[in-house]
Amino acid sequence: MRLEGFRDGRLVQGLAGRIRSAAGGRRFRFMEVCGTHTTAMFRHGLRELLGGAVDLLSGPGCPVCVTPNGYLDRAIEIGRRHRTLIATFGDMVRVPGSESSLERERAAGLDVVIVYSPLDALAIASENGGRPVVFLGVGFETTAPLVASSIVEAERQGISNYYVLSSHKRIPPALKVLALDPEIKVDGFILPGHVSVIIGSLAYETVVRDFRIPCVVTGFEPLDMVDGIYRLVRQCVEGRAEVEIAYARAVTRQGNRKAQGLLDEIFQVEDAEWRGIGPIPESGYGIAGRYAHRDAALAFPVSVDPPRDHPGCLCGEVLKGKVLPAECSLFAGTCTPETPVGPCMVSSEGTCAAHYKYGRKA
Ligand code: SF4
């Protein structure tokens, strides 16, 4: 099918009707783990279309949102104390840390540059011979291979002033924590298409095996998402729990072996801290010991105060699907995309930003 076919309104409506009849009057709670799904579902009106049969909860799949304040505080302090140039994706600049943000620090003289790829940061390091450039490595399994390849390239080109402050996260361990939380109680997970391109559907099979929660990997077009939800409803109704792929044009069971090899070479699996969830065993990628000379956390030691959350901000609960953004007293008043109090309002993939942009019309 051509891409336009995945946006065919009649096919989407037809499948939505099949979801409602398959549900047979029952109502299911599915979590879309990925922030891109949250935004896409709002944009295409799927929440309203499926209302009555399916409740959609947003999960922790926005990388900027799950990055804790302590990471940002450390990045700022590295820039200040060691006079490094900080290179970052644009979303991170406006995220408030405990006391400040990269945007405020840049206005006060910190060297912060926005890049679109870690290879751009590497090029900056090459052009600024000797000046340390620290790339803020924030993202999931989708972004981590790009960062890994920038380190490979730095080694190949002998660019010694390029460093990475890694806060990469792994999705499957977070799913297990969510599955264990008795307050969340999801009937199924809608799994992220782009992460799954890299790790493959096989990576989720322990979630299904250990927790018997139906899972479907899906893409970002309306028909992809409705097909994914239909498959979840069918699993629930039929009492099955397995990992299905509703995005076969991009995702395989095995994933991208080459990218996985790159991750294994450059990173090591570590415990990681998630905003709102706390520490999750084996949920992060730290830089492997043989590339320790690229690890900004080791190369530029700093001490930072214990991180502080923003008073009144419920991002941590929003990221677990426990509260809706509108339940936060700051939503759409003090906290807007122009004046964000928490990261969920900053990022284009953030749940609060999506509810602000699309949800308030409902
Ligand atoms: Fe945090 Fe703002 Fe969302 Fe409230 S509305 S949870 S303050 S980001």
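Please read these numbers as outputs of a predicted model, since none were measured by experiment. Both ligands and their constituent atoms are indexed starting at 1 by order of listing. Count residues from 1 along the sequence.
The protein non-hydrogen atom at the shortest distance from atom 1 (Fe) of ligand 1 is C313 SG, 2.4 Å. The protein atom (non-hydrogen) at minimum distance from atom 3 (Fe) of ligand 1 is C352 SG, 2.3 Å. Ranking protein heavy atoms by distance to atom 2 (Fe) of ligand 1, first place goes to C335 SG, 2.3 Å.
Look at E282 and R170 and you find no salt bridge, because none of the NZ, NE, NH1 or NH2 atoms lies under 4.0 Å from a carboxylate O. Salt bridge E77/R81: present, at least one basic N to carboxylate O contact under 4.0 Å. Using a 4.0 Å cut-off between a side-chain N of Lys or Arg and a carboxylate O of Asp or Glu, E32 and R47 qualify as a salt bridge. By the 4.0 Å N-to-carboxylate-O rule, D224 lies close enough to R249 to be salt-bridged with it.
At a threshold of 2.8 Å, atom 4 (Fe) of ligand 1 has a backbone or side-chain N, O or S atom of C328 nearer than that distance.
Using a non-hydrogen distance threshold of 4.0 Å, C315 registers as a contact of ligand 1.
Each of the atoms 8 (S) of ligand 1 lies under 4.0 Å from some heavy atom of M345.
Using modelled atom types, one side-chain atom of N128 and one backbone atom of I124 make a donor-acceptor pair closer than 3.5 Å.
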